[in-house]
Amino acid sequence: MKRFGLSSAERIKSKKIFEKIFTYGSTIFSYDQKIKANYILEAGNAGVKFAAAVSKKNGNAVWRNRLKRLLREAYRLNKQTLVEFSLKKDLSIKVVFLPHRLNQKDNKKICYDEIAPAVVDLMSKMTGAK
RNA sequence: AGUCCGGUUUGGGCAAUUGCUGUCAUAAAAUGGCAGAGGAAAGUCCGAACUUCCCAGAACAGGGUGCCGGGUAAUACCCGGGGACCGGAGGAGCAAUCCUUCGGUUACGGAAAGUGCCACAGAAAAAAUACCGUUCCUCAUUUAUGAGGAAUAAGGGUGAAAAGGCAGGGUAAGAGCCUACCGCAGUAAUGGUAACAUUACUGGCACGGUAAACCCCACCCGAAGCAAGAUCAAAUAUGGAAGUUUUUUCCAUAAAGGAAACAAAGGUGUUCUGCUUUGUUAAACUUCCGGGUAGAUCGCUGGAUUCUGGUGGCAACAUCAGAACAAGAUAAAUAAUUGCCGCCUGCCUUAGGCGGGUUACAAAAUUCGGCUUACAGAACCGAACUGCUU
RNA sequence: UGCCCCGUGGUGUAAUUGGCAACACGUCUGACUCUGGAUCAGAAAAGUUUAGGUUCGAGCCCUAACGGGGCAG
C-alpha cells in the first residue's frame, strides 16, 4: 500500500455497506461543525475503507464534485494515523464523511485549507476514543 | 469618439511535485510512456440512430404540424422569398395618410361545410321584432300636443366589437338609391416554380369576432426506452427428472390384505360432491435440467466524426481530395499545492515599485442533429442616436 | 440516467364548457366574564410560482423558465 495513495480497493462501493454504516454506525462531528463522519468498527480483516457523500440539497453538481474531491484529498494526505491504528488493533474501519453545516449558499468557493483541519480532527477523535 | 440595441466568435497560457481513471509496453507484480470534461456537458422541448416487444396489410380512434419554395437521415430546426405588424430616416401632401429605404417581430391554412360562445351595458351581439330621434298619413282636441298606422340604419347613447369610409347628387325624411375616390369581393390578363404582386373590367356591399373553442382540409406518426437489451452466474425460493439408502398414517397379521389421505384419468364449458380405475404415501443424500438475485462482461464509443482546400449554389447545404483519431467512468476519474507570464484592480507615483484577485454560467453517464435557458471578461460585424472636426 | 405528476390568503381545499377569486381552520379587534376558554359580532390577509402570447377579457387555453414530489433494474 502506497503511503499517499488512494486506490479503488480503499473505497466503499457496495450499497449494502453504506446501508450498514448509516443504520448501525456511530456519528461524530468536527470541532467547527462543518464535517461529520459515520463509521463502523469490526474485528479482523485489518484495513480502512473510505467514502465521501454529499447530498443533492447542499449544492449543484460542480460544488458537490469539488467538495468530494477536497474530502478525498484531505483523507489521502492524512490517513497515516488511522491506518496504523487499524493494523495495531486488528480492526476493519469503514468511514463515510459528510458535510454537516456546509452548503453552496454560504460557501460558494471552498478551498483545501478549510476542509483539511476538520478531517484531521475527526480522525484523531476516532483513534483517541477507543 | 461615446451611448444603446442586435448578432457572431472566444471561454487564459507554460512548467514542477503528489494523486486518480483509461490505454500501451515487458510473462506477472511493479515501473514507465501517452490521453483524460463543455458551449451550453444543463433543461429534457423536438427530431433521429440503436435495442426489445409486435410484425401480413388496411381502417378507425388518438396525437402532431400548418404562407410559399428549398436544405436535411429527420424535425416544431435552418436558408431564401411573400404578406401583415412595429420602429428609425428621407420624400409627397393643408391634413388624414401614402411612397421609398434600413432594421426588427411574426403558431401566418379554412369563419359563404356545420355547431357553440360573445359576461355587464345596450333597442339590437347576427334571419336587425326600431329605445331616443327624423319624416309622412289618419283620428282626437286644449293648435301643438296626445293616440294609432307607416317609412327610415343618416344622427345619439352603450360596448372590446354596431352592419363599408368620405364628398356630392337625390328624397317627405332617408338609405350604395345614384356618381367620383378609397376599401372589399369576383373575373381576366401580365410577371413569378409558388406564396403573391400589378393592371383592367364587373358587382353596388351580399360576408362582425373567436379555430392557442369543437371542428373541416392537407401532410406526418406502432409502443417503450441503454435502469433498452445480450451473455456468464454465488445465493435464495424449491420447479422438474433420474438414482441410492433408511423407512412406512391406521386396522389386521403367519402371510395375503383392508381402511384413510393425496394425485392423475373417465363422463361436463366451469366448480363442488359422490362413483369407477390406476398410482403413491415419510426422510436424507447425489447428479442433471430449468430458473436468474448479488456480482461480472458486453452494449460503450471510428462517427449523418473533426480540420484544411477545391467545385456547385444568393444561402442553408451538397460533393470531391488530403490529413487526423479527440474521455469512457459506474457511491462514478479529469484533482491539490507552488512558480513564471498574461488579464483585472488598490496605493505611492516620471519610468517604475509594493500589495490583492485568478474568476462568469456551469461538469460527461448510449450516441448524434437542433431548439430553449444561464453566462464575468475580451475581440469583431451591423443599425440607430448624441457630440466634435472637415 | 430516463419517464411522469403538481404549484391559489399563514395552513388545508373550491372555482361547471374563459366573465366579481370562494370556504374551513388560524390571526387581529370588540362584546360576554373577576380572568381565560367556549360563544357572538366584525375586520384584515391572495391577485392564483414567474415571464411572454392568443382573446374584448385568462386561475382556466398555448409557449418558456423556476420550485416541489413520485416511479424504475
Side-chain angles (χ1 to χ4, degrees):
Chain A
M1 193 181 287
K2 280 192 279 188
R3 192 162 187 280
F4 293 114
L6 189 65
S7 66
S8 58
E10 296 176 62
R11 305 232 292 274
I12 303 172
K13 300 205 167 187
S14 164
K15 198 170 181 176
K16 285 184 178 172
I17 297 177
F18 272 95
E19 282 171 8
K20 202 172 173 187
I21 291 170
F22 285 126
T23 47
Y24 300 110
S26 43
T27 310
I28 51 174
F29 297 91
S30 69
Y31 64 94
D32 55 1
Q33 300 285 321
K34 276 183 179 171
I35 310 286
K36 66 179 175 181
N38 283 30
Y39 66 99
I40 194 162
L41 300 172
E42 286 173 336
N45 276 332
V48 184
K49 276 177 177 279
F50 157 87
V54 186
S55 162
K56 213 168 189 176
K57 289 173 185 170
N58 293 63
N60 64 14
V62 176
W63 192 88
R64 292 196 310 259
N65 261 338
R66 180 166 175 82
L67 184 64
K68 279 200 278 187
R69 283 171 185 146
L70 288 173
L71 284 173
R72 213 174 56 208
E73 187 74 6
Y75 171 78
R76 181 176 72 81
L77 295 175
N78 300 292
K79 69 176 181 176
Q80 207 58 28
T81 54
L82 204 60
V83 172
E84 283 171 6
F85 174 78
S86 162
L87 290 173
K88 202 192 285 177
K89 303 257 182 176
D90 193 30
L91 289 167
S92 81
I93 307 176
K94 296 187 174 68
V95 202
V96 180
F97 287 99
L98 300 110
H100 183 54
R101 291 210 181 141
L102 266 181
N103 53 50
Q104 193 178 12
K105 251 185 168 175
D106 304 329
N107 299 50
K108 184 146 192 214
K109 284 163 68 176
I110 47 176
C111 60
Y112 176 76
D113 295 333
E114 292 180 56
I115 302 299
V119 173
V120 173
D121 176 58
L122 280 176
M123 288 200 283
S124 63
K125 271 182 186 167
M126 281 165 66
T127 51
K130 309 298 131 23

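Numbers restart at 1 for each chain; the letters A, B, ... are given by sequence-line order, proteins then strands.
Using a 4.5 Å heavy-atom cutoff, the side chains of A:Asn78 and A:Met123 are in contact.
Summarising the geometry, atom CZ belonging to A:Phe85 is positioned 11.5 Å from atom CG belonging to A:Asp90; distances are rounded to the nearest 0.5 Å.
If you take atom C1' in B:A376 and the same atom in B:U358, they sit 12 Å apart, rounded to whole Å. Only the C1' atoms considered, B:C215 is 32 Å distant from B:U187, to the nearest whole Å. Rounded to whole Å, the separation between the P atoms of B:G209 and B:A127 comes to 14 Å. Using C1' as the reference atom, C:C62 and B:A76 are 14 Å apart when rounded to the nearest Å. B:C45 and C:C6 are spaced 14 Å apart, taking the P atom of each and rounding to whole Å. B:U105 sits 14 Å from B:C77 when the P atoms are compared, rounded to a whole Å. Using atom C1' as the reference point in both B:C79 and B:C317, the two lie 9 Å apart (nearest Å).
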query: Should A:Leu41 and A:Lys89 be marked as a side chain to side chain contact (heavy atoms under 4.5 Å, CB included) after you check the CA-CA gap, both sets of side-chain angles, and the distance that decides it?
result: CA-CA 11 Å; A:Leu41 300 172; A:Lys89 303 257 182 176; over 6 Å; no
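C:A64 shows a glycosidic angle more than 90° from 0 and is accordingly assigned anti. C:U39 takes the anti form, because its glycosidic angle lies more than 90° either side of 0. Because its glycosidic torsion is more than 90° from 0, B:G32 is reported here as anti. Glycosidic conformation of B:G309: anti, with the torsion beyond 90° of 0. The glycosidic torsion of B:A206 lies within 90° of 0, which places this base in the syn conformation.
Both A:Ala52 and A:Val62 lie close to RNA chain B; mapped to their nearest nucleotides by heavy-atom distance, the more 5′-ward contact belongs to A:Ala52.
B:U190 and B:A197 make up a base pair, with Watson-Crick or G-U wobble contacts both under 3.5 Å. Across all strands shown, B:C98 forms a Watson-Crick or G-U wobble pair, both distances under 3.5 Å, with B:G91. B:C60 is unpaired under the criterion used here, namely a Watson-Crick or G-U wobble arrangement in which both key atom distances are under 3.5 Å. Across all strands shown, nothing is found opposite B:C272 as a Watson-Crick or G-U wobble partner with both distances under 3.5 Å. Pairing of B:A15, defined by two Watson-Crick or G-U wobble distances under 3.5 Å, is identified with B:U338.
Transitive grouping of hydrophobic side chains (ILVMFWY, heavy atoms separated by less than 4.5 Å) keeps A:Phe29 and A:Leu70 in distinct clusters.
Separating the CZ atom of A:Phe50 from the P atom of B:C20 is a distance of 13 Å, rounded to the nearest angstrom. As rounded to whole Å, 9 Å separates atom P of B:C20 from atom NZ of A:Lys79. Between the CG atom of A:Asn78 and the C1' atom of B:G19 there is a distance of 14 Å, rounded to whole Å.
The residue A:Ala61 sits close only to the backbone: its heavy atoms come under 4.0 Å of sugar-phosphate atoms, none of a base.
Not one N or O on the side chain of A:Ser86 forms a donor-acceptor pair closer than 3.5 Å with the backbone of A:Ser92.
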field: Strand RNA chain C in bracket notation, Watson-Crick/G-U under 3.5 Å with | for pairs to another chain
entry: (((((((..((((.....[..)))).(((((.......))))).....(((((..]....)))))))))))).
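Taking A:Thr27 as the reference, A:Asn38 meet the side-chain hydrogen bond (donor to acceptor under 3.5 Å, both in side chains) condition, with sequence neighbours excluded.
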Nucleotide N/O to protein N/O under 3.5 Å, stretch nucleotides 333-336 of chain B:
unit_1: B:U334; atom_1: OP1; unit_2: A:Arg72; atom_2: NH2; d: 2.9
unit_1: B:U334; atom_1: OP2; unit_2: A:Arg69; atom_2: NE; d: 2.5
unit_1: B:U334; atom_1: OP2; unit_2: A:Arg69; atom_2: NH2; d: 3.1
unit_1: B:A336; atom_1: OP1; unit_2: A:Arg66; atom_2: NH1; d: 2.4
unit_1: B:A336; atom_1: OP1; unit_2: A:Arg66; atom_2: NH2; d: 3.4

